[in-house]
Amino acid sequence: MLSAYQHIRRLAAPGLVLAALLTAPDPGAGQERGRPDAARTDSARTAHWRMDLAHLAAELPRRHPDFFTHLEPARFRAEVAALRDTIPHLADHEVALGLARLAALAGDAHTAVVLPAGMPVAPMVFEWFDDGIRAYAVGPLWAPFVGARLVRVGGVPVTDAMARIRTVVSHENEPWFRHRAMSMLRTAPVLHALGLAPSPDSVRYTLEDAHGEGLEVALAALPPERDVTWLVGGPPEGPRRPHYRRHGELPYWFTVLPDERTLYFQYNVCREDPARPMAAFAEALFAAADSAGVERLVIDLRLNPGGDSRVLEPVLARLSAHPLGERGSLAVLVGRRTMSSAVLNALALRRLAFPTFYGEPTGGAPNHFGEVKSFRLPRSGLEVRHSTRYFRQAPGITTPYLAPDVAVPITWADFEAGRDPVLERALGGR
């Protein structure tokens, strides 16, 4: 049990309001939003951050293949100047977030300032479902919050809070923003810098349970390496857990669904597994298809953030000469976590076979910047990642994502019940 836990009590408000209070020293007590007086007067510190800012402002446009594709240079210069002027009045985590905001202006999901490791996070994990942002995993003290819908962040309505978070998340489409924003939503220094948390090491949320009752919680944020026994919504490990949540630790795996005469292949990352190289895996995959009398192949790319698109080539080669590559026999599942090289693989499948795509729009764009390199800022050592190449893989696609042929919404009720409506639709062929 967390030692900082004190009590749970009722608050006077319409309906039941549960206030779960974690106490922690507030470094901002008596100061404006927790900004230390030293931050205003330390000229050496200011000079160091300004040196980093100047380095970022010069190097990022120089190293990126076209940093100003979606950004006016004059706006970038104005944003740099504004941050430079305000550095003496900002705490370190606020300056770091300001640098992240500058990188995010490029509208390139691969170009970003990596925030310092070890930033404290709330013991509550969120997911953006079609029926709202929900707390799907919580620390052991917060069981009543599992599945609750987020309403406010630090007293700010969730819509407005997400608009603030949007400014510091590197993304090129809405699906990837919805995925990446969830980590920002529990990172206390990020929320504090955006005016959404009382201090850099505490957070406040207002949620709503299934009965419409308000739930208010104040949490002390924890180091990310702190062990937490998570309470997760949905069925536990076992046969009731949907396939896509069973082996997320594996780069790729497959199973035969005999009742549906379907071969299910989940491809979680574009990386070779030394224990089972893709060439050998492809042999086993199609041997299983032949021996089991499989009539349909489902390739699940929903959790794949990319890597090396060439890893899948043995599967593509086998599929090009196999009946499962024929029209009506291949389903590809995509979603907001389908990114980068995984999108390239999806496009390759579209060109090679006749798949039907199910799920959500992809987090990665069909035509996108990529092939990432990085450099470090000279004083803080913060890592700056940036694209080095533009991939034009689908000239005919103008959307910043690959849209599924069959869009399938996912609700909290699906997740909680252990249902996978995307796979269900694919198996039903509709």
Handout entry: Residues L102, L53; criterion side-chain contact (heavy atoms from CB on, under 4.5 Å); working and verdict
Key = CA-CA 10 Å; L102 291 176; L53 173 61; 3.4 Å; yes
Handout entry: Any side-chain heavy-atom pair of D108 and H386 under 4.5 Å
Key = no
Practice task
Tell me, with the steps shown, if V298 and Y358 meet side-chain contact (heavy atoms from CB on, under 4.5 Å).
Solution key: CA-CA 10 Å; V298 173; Y358 297 84; over 6 Å; no
Problem - S341 (side chain) donor-acceptor with G307 (main chain) under 3.5 angstrom - result: yes
Handout entry: Any residue meeting ring-ring contact (aromatic ring centres under 6.0 Å, His included) with W49, in chain and number order, not counting sequence neighbours
Key = none
Practice task
Just grab all the salt bridge (charged side-chain N to carboxylate O under 4.0 Å, His left out) pairs involving residues 385-396, residues at least two apart or on different chains.
Solution key: E371-R389, E383-R385
Exercise for the section: For atom CZ of R84, decide whether the heavy atoms of other residues, nucleotides or ligands shown that lie under 6.0 angstrom number more than 12. Expected result: no
Fill in the blank from the handout: Closest non-hydrogen contact found for S170 with T111 is OG-O, 2.7 Å
Problem - Contacts of type ring-ring contact (aromatic ring centres under 6.0 Å, His included), residue F67, not counting sequence neighbours - result: H64, F76
Completion exercise
In short, side chain to side chain donor-acceptor pair (under 3.5 Å) pairs touching residues 153-169 with sequence neighbours left out are R166-E174
Exercise for the section: Using modelled atom types only, decide if a donor and an acceptor are shared between the side chain of S329 and the backbone of G325 within a distance under 3.5 Å. Expected result: no
Exercise for the section: Using modelled atom types only, decide if a donor and an acceptor are shared between the side chain of R186 and the backbone of M124 within a distance under 3.5 Å. Expected result: yes
Practice task
Could you tell me whether a side-chain N or O of N367 sits under 3.5 Å from a main-chain N or O of A394, the two making a donor and an acceptor?
Solution key: yes
Problem - Heavy-atom pair with the smallest gap, counting every atom of A181 and V169 - result: CA-CG2, 4.4 Å
Handout entry: Smallest separation among heavy atoms of G306 and V269, with atom names
Key = O-CG2, 3.5 Å
Practice task
Indicate yes or no: at least one non-hydrogen side-chain atom of P305 is less than 4.5 angstrom from one of S340.
Solution key: no
Problem - Main-chain N/O of T338 paired with N304 side-chain donor or acceptor, under 3.5 Å - result: no
Problem - Check: R245 and Q266 side chains under 4.5 Å, non-hydrogen atoms - result: no
Practice task
With sequence neighbours excluded, give me every salt bridge (charged side-chain N to carboxylate O under 4.0 Å, His left out) pair touching residues 313-335.
Solution key: E283-R318
Exercise for the section: Would you mind reporting whether F129 and T411 have side-chain heavy atoms less than 4.5 Å apart? Expected result: no
Exercise for the section: Applying side chain to side chain contact (heavy atoms under 4.5 Å, CB included), name anything that partners M182, two or more places apart in sequence or on another chain. Expected result: F126, E127, W128, I133, M162, L185
Practice task
Answer yes or no: is there a side-chain heavy-atom contact under 4.5 Å between H179 and H171?
Solution key: no
Handout entry: S320 side, atom OG; R351 side, atom CZ - distance, nearest 0.5 Å
Key = 13.5 Å
Practice task
Kindly give the heavy-atom pair with the smallest separation between V343 and P366, and that separation in Å.
Solution key: CG1-CA, 3.9 Å
Exercise for the section: Kindly indicate whether the side chain of V151, heavy atoms from C-beta on, has any atom under 4.5 Å from the side chain of E216. Expected result: no
Exercise for the section: Measure from NZ or CZ of R134 to the centre of the six-membered ring of F415, then state whether that distance is under 6.0 Å and the direction lies within 45° of the axis. Expected result: no
Exercise for the section: Could you tell me whether R310 atom CZ has more than 12 heavy atoms of other residues or ligands within 6.0 Å of it? Expected result: no
Problem - G363 backbone acceptor or donor facing R336 side chain under 3.5 Å - result: no
Handout entry: Exam field: side chain D52 to backbone R379, donor-acceptor pair closer than 3.5 Å
Key = yes
Exercise for the section: Could you tell me which non-hydrogen atom of L56 sits nearest to which non-hydrogen atom of L99, and how far apart they are? Expected result: CD2-CD2, 3.9 Å
Exercise for the section: For T86, check side chain to side chain contact (heavy atoms under 4.5 Å, CB included) against everything at least two apart and list the hits. Expected result: L83, L90
Handout entry: Residue that, paired with I165, satisfies side-chain contact (heavy atoms from CB on, under 4.5 Å) out of L191, V190, T187, V153
Key = L191
Problem - Minimum side-chain heavy-atom gap M339-C270 below 4.5 Å - result: no
Handout entry: Rounded distance (nearest 0.5 Å) linking atom CG of D420 with atom CG of D300
Key = 7.0 Å
Exercise for the section: Any side chain to side chain donor-acceptor pair (under 3.5 Å) involving residues 67-76? Give me the pairs, sequence neighbours left out, ordered by first then second residue. Expected result: D66-T69
Handout entry: Residues in ring-ring contact (aromatic ring centres under 6.0 Å, His included) contact with F357, at least two apart in sequence or another chain
Key = none
Handout entry: Spatial distance of atom CG (L231) from atom OH (Y136) [nearest 0.5 Å]
Key = 13.0 Å
Completion exercise
Contacts satisfying salt bridge (charged side-chain N to carboxylate O under 4.0 Å, His left out) that involve residues 408-419 (not counting sequence neighbours) are D414-R419
Problem - Intermediate values then yes/no, side-chain contact (heavy atoms from CB on, under 4.5 Å), E79 and R101 - result: CA-CA 9 Å; E79 297 282 357; R101 183 175 185 275; 2.6 Å; yes
Practice task
Mind telling me whether H243 and Y264 have parallel, tilted or perpendicular rings, with 30° and 60° as the class edges?
Solution key: tilted
Practice task
Hey, could you give me the CG/CZ distance between L333 and F265, rounded to the nearest 0.5 Å?
Solution key: 11.5 Å
Practice task
Tell me whether the centres of the aromatic rings in F281 and Y267 are closer together than 6.0 Å.
Solution key: no
Exercise for the section: Please tell me if the side chains of R350 and D405 come closer than 4.5 Å, counting only heavy atoms from C-beta onward. Expected result: yes
Practice task
May I ask you to say whether D92 pairs ionically with R45, meaning some side-chain N is under 4.0 Å from a carboxylate O?
Solution key: yes
Exercise for the section: Starting from the C-alpha separation in whole Å, work towards a yes-or-no answer on side chain to side chain donor-acceptor pair (under 3.5 Å) for Y252 and D273. Expected result: CA-CA 8 Å; Y252 36 82; D273 184 354; 5.1 Å; no
Handout entry: Donor-acceptor contact present, side-chain E272 to main-chain M278, <3.5 Å
Key = yes
Handout entry: Distance, nearest 0.5 Å, that separates OG1 of T206 from CG of L215
Key = 9.0 Å
Handout entry: Neighbour count >12 (heavy atoms, 6.0 Å) for atom CZ, R180
Key = no
Problem - Counterpart residues, ring-ring contact (aromatic ring centres under 6.0 Å, His included), relative to Y390 (two or more places apart) - result: F369
Completion exercise
residues 300-347 vs ring pair (Phe, Tyr, Trp, His ring centres under 6.0 Å), sequence neighbours excluded, gives F286-H322
Practice task
Spell out, as yes or no, whether a donor-acceptor pair under 3.5 Å connects the side chain of D130 to the backbone of I410.
Solution key: yes
Problem - R376 side chain vs G381 backbone, donor-acceptor pair below 3.5 Å - result: yes
Exercise for the section: Measure the NE2-OG distance between H55 and S380 for me, rounded to the nearest 0.5 Å. Expected result: 10.0 Å
Problem - Considering all heavy atoms, the nearest A103-A112 contact - result: CB-CA, 3.8 Å
